[in-house]
4 protein chains.
Amino acid sequence: MADNKHENILMAAQKLFAERGYDGTTVPMIAEEARVGAGTIYRYFENKQMLVNELFRGSVARFAATLHEGFPEQNDFRKRFRHVFYRLVRYSRENPEAFRFINAAANAYFLDEVSKSDFEGFMDFIERHLDEGKKAGLLRGLPAQAFIAIVYGTVFHLSRMFEDGTLEPSDELLAGIEESCWDAVSAD
Amino acid sequence: MADNKHENILMAAQKLFAERGYDGTTVPMIAEEARVGAGTIYRYFENKQMLVNELFRGSVARFAATLHEGFPEQNDFRKRFRHVFYRLVRYSRENPEAFRFINAAANAYFLDEVSKSDFEGFMDFIERHLDEGKKAGLLRGLPAQAFIAIVYGTVFHLSRMFEDGTLEPSDELLAGIEESCWDAVSAD
Amino acid sequence: MADNKHENILMAAQKLFAERGYDGTTVPMIAEEARVGAGTIYRYFENKQMLVNELFRGSVARFAATLHEGFPEQNDFRKRFRHVFYRLVRYSRENPEAFRFINAAANAYFLDEVSKSDFEGFMDFIERHLDEGKKAGLLRGLPAQAFIAIVYGTVFHLSRMFEDGTLEPSDELLAGIEESCWDAVSAD
Amino acid sequence: MADNKHENILMAAQKLFAERGYDGTTVPMIAEEARVGAGTIYRYFENKQMLVNELFRGSVARFAATLHEGFPEQNDFRKRFRHVFYRLVRYSRENPEAFRFINAAANAYFLDEVSKSDFEGFMDFIERHLDEGKKAGLLRGLPAQAFIAIVYGTVFHLSRMFEDGTLEPSDELLAGIEESCWDAVSAD
DNA sequence: AATGAATGAGGTTTCATTCAT
DNA sequence: CATGAATGAAACCTCATTCAT
């Protein structure tokens, strides 16, 4: 266990913010979870709000990286769609707390403008990707945002179910849902 | 404006909890929004936690009523599916704060067991409805929960977009999305 | 004992700031001295800094009122000088804590601009008064500020001595010192 | 700049205590100003209170030395009075921070008994000097303490004015004020 | 000897709750 | 009934002090 306090604090905050929200999480709670003194947190973060913003931006950046990494070079839209779907699922499953936190915090009053625009930039990537599919005539005559609602909304809810045990994840299930989502957005 | 303080307080709390979350909302904030004294809140609710639970249960009950009301008697699954979809959308659009609050609060640490089981009961209705479609062989070979993720998740995300103006609602758009969802879950 | 909490808090703060300075005085100390809960102080003052500034301005205003009240109408400079001297002494003796506080806090970093300019306005009155004496040829060829140093400085130090018992005040003593000050500033 | 940390710390503390008071100055502030680590301060001083006391005593000792040095041997009271006045002024001008700190800290709750009695001893020297003048019949029929109020109080206030630029020091001005003070205390 | 990261006691401030009016 | 002034526990944050390096 490398004694990286900065990272420990962020991970502790991640967990607690996901469980109890920003205002429901106290700094001493974070300190205890991170196994540091409460004052130590203020050596690494200016205040609680800076901490939550730094955490949010880091999580969004890793989320974006997950999505971008391995994004198919050739313009095979079906392949790209599948990539995006599986990467959304992968991030939500490998970082369930981060994923839950990002979605709960997006647009929250404690986020600063940089954080909000970082998140928008992330969503824009998905939107641009779907727009390509529309231009190629592969998708229905709905706004790209509607497709986001379907795909992202589905993954979001799925992640909740995986987390609380309502649903057990399996390759088969995910393949089925990916196909469902594709059928929901593809033309004809 | 009838001077129904009990109701005013609940509506004020609804609005604020939706905007700032449970812990980010103070009792004096609720009092000001409801145009009552802070002490008055304690004549109608034992404490803040009881208030949030009563609010949650009321919202879930109205949500359930919206869904049940007009549920097609005859066993026409396609019609019933459409009913459920449109009623989810109707509730989310007519009570955006309540809808946002319900989804943010579901499973939150401040809910008591009664509230949690009320919400589960509500979800069970949707699940049972989808199970019928499966039994009738009209839906794909996926768990009913997966369909919930798709439909409910889509409506949830859609509602967010309507609220923040990312997407403009229209009959045509909703019809298109309803069809998408149906295509996502129906067999063939 | 009228239960004027606002006033009680100001008086408690006055006493403690005079004894221990602004930073050496804690809000709970003020609360205890004022016989109120710590939180109550924040119903009357936005924060500690607003409290110290309101206190300062009130004290300066009463100091100025003491000086202005009964200021001789006729332009008899000697009489006016005596008036100013005795009123400085009166305020410092009737409000030793306020006087000590004003002198310690003038120019302090926790005072806002309004407070500082209030104090300057007060000092300006004394300066204008002395300037009249200079114009009338009754005072020495020194800047009015030098006279302030002599008169105000003397009264300030005198007040300290009265407070800590180093010197016992008496009419005779004050008359003697007033004469000394006059001899220090008057021409010839 | 010799690397005398002990001295650097004292000088840094001097400056900061003069500007912000004892409680308004933090140990890290002193460390930064002295260009040492915060922990280093505790190698040279037991704690903050010991530091402030040591500083106070050193400043008072240098103040006393300034006054004693060159004190006229022959019993020429007028000369001695002038010496004292000019040495008070000299110290206050050459060590404005120390002078301001001494006067603000005298009697403060954080000074220990040794520090307080050191300061009293210093004041006693001035008092004894003035008593001689009284015995020689050269001064008015006022207590020596009253003369201290006049002379020390004047110099104290003058120093404030020099520091904040309200008054510009000059040989002529000082000569004039010294004469004023003498006229304030001398018989006839 | 010197440092500065780490800490927890204690500072300022907020807020759920009570209660006299 | 309704209120909002009052409160103290607990929140956020600071800082004197310690101690491993």
Side-chain angles (χ1 to χ4, degrees), chain A residues 3 5-6 8-9 22-32 34-51, chain B residues 3 5-6 8-9 22-32 34-52, chain C residues 3-6 8-9 22-32 34-52, chain D residues 3 5-6 8-9 22-32 34-52:
Chain A
D3 192 28
K5 292 194 199 302
H6 187 267
N8 292 351
I9 292 165
Y22 175 69
D23 289 290
T25 302
T26 72
V27 172
M29 277 178 198
I30 298 170
E32 192 186 356
R35 309 281 182 99
V36 299
T40 303
I41 289 178
Y42 292 87
R43 288 198 61 72
Y44 292 94
F45 304 93
E46 205 176 316
N47 53 40
K48 195 186 172 188
Q49 191 163 187
M50 295 300 248
L51 164 54
Chain B
D3 190 28
K5 290 191 200 301
H6 186 268
N8 291 350
I9 291 165
Y22 173 70
D23 289 289
T25 301
T26 70
V27 172
M29 275 180 200
I30 298 170
E32 192 187 356
R35 308 281 181 99
V36 299
T40 303
I41 290 178
Y42 288 85
R43 296 210 135 276
Y44 293 94
F45 304 94
E46 203 176 319
N47 54 37
K48 194 186 175 188
Q49 191 160 190
M50 295 300 244
L51 163 55
V52 78
Chain C
D3 191 27
N4 189 334
K5 291 196 201 304
H6 186 268
N8 291 351
I9 292 165
Y22 175 70
D23 288 292
T25 302
T26 72
V27 172
M29 278 179 196
I30 299 171
E32 192 185 358
R35 307 283 182 95
V36 298
T40 301
I41 289 177
Y42 291 85
R43 288 198 62 72
Y44 292 94
F45 304 94
E46 204 176 316
N47 54 39
K48 194 185 174 188
Q49 190 163 187
M50 294 300 247
L51 164 54
V52 79
Chain D
D3 190 28
K5 293 191 198 301
H6 187 267
N8 291 350
I9 292 165
Y22 173 69
D23 289 289
T25 301
T26 70
V27 172
M29 276 180 200
I30 298 169
E32 193 188 356
R35 309 281 180 100
V36 300
T40 304
I41 289 179
Y42 289 84
R43 297 211 135 274
Y44 292 94
F45 304 93
E46 203 177 320
N47 54 37
K48 195 185 173 188
Q49 190 161 192
M50 295 302 245
L51 164 54
V52 76

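All values derive from a computational prediction rather than experimental measurement. So that the names make sense, note that chain A is the first sequence line, chain B the second, and so on, each numbered from 1.
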If you look at every heavy atom in [X] and [Y], which pair is closest and at what distance?
X	Y	value
C:Lys5	C:Thr40	CD-CG2, 4.1 Å
D:Lys48	D:Asp23	NZ-CA, 4.2 Å
B:Asn8	B:Ala34	O-CB, 3.6 Å

Given that B:Thr26 and C:Thr25 both sit by DNA chain E, which one's nearest nucleotide is further toward the 5' end?
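Looking at DNA chain E, the more 5' nearest nucleotide goes with C:Thr25.
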
Suppose we screen for side-chain contact (heavy atoms from CB on, under 4.5 Å). Which residues come up paired with D:Gln49, at least two apart in sequence or across chains?
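D:Gln49: side-chain contact (heavy atoms from CB on, under 4.5 Å) contacts with D:Tyr22, D:Asn47, D:Asn53, D:Phe110.
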
B:Ala38: side-chain contact (heavy atoms from CB on, under 4.5 Å) partners, not counting sequence neighbours:
B:Ala31

Distance in angstrom units between [X] [atom1] and [N] [atom2], rounded:
X	N	atom1	atom2	answer
C:Lys5	F:dG4	NZ	C1'	13 Å
C:Met29	E:dG11	CE	P	7 Å
C:His6	F:dA6	NE2	C1'	16 Å
D:Ile30	E:dG4	CD1	P	16 Å
D:Leu51	F:dC15	CG	P	16 Å
D:Phe45	E:dA1	CZ	P	15 Å
C:Arg35	F:dA6	CZ	P	16 Å
D:Asp23	E:dT12	CG	P	10 Å

Could you list all N or O pairs between the protein and nucleotides 17-21 of chain F that sit under 3.5 Å apart?
residue, atom, partner, partner atom, Å
F:dT17, OP2, D:Tyr42, OH, 2.9
F:dT17, OP2, D:Lys48, N, 3.0

Using a heavy-atom cut-off of under 4.0 Å over every strand shown, decide if C:Tyr44 touches base, sugar-phosphate, or nothing.
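Answer is sugar-phosphate: C:Tyr44 comes under 4.0 Å of backbone atoms only.
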
Is any side-chain heavy atom of B:Val27 closer than 4.5 Å to a side-chain heavy atom of B:Tyr42?
yes

Taking only Watson-Crick and G-U wobble pairs with both distances under 3.5 Å, what dot-bracket line describes DNA chain F, where [ ] shows pairs that cross earlier ones and | shows pairs with another strand?
.||||||||||||||||||||

Nearest-neighbour nucleotide for the B:Val36 side chain, F:dA2, E:dA2, F:dT3 considered
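Output: F:dT3.
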
From A:Ile30 atom CD1 to A:Ile41 atom CD1, the distance as rounded to the nearest 0.5 Å:
5.0 Å

Who passes ring-ring contact (aromatic ring centres under 6.0 Å, His included) against A:Phe45, sequence neighbours left out?
A:His6

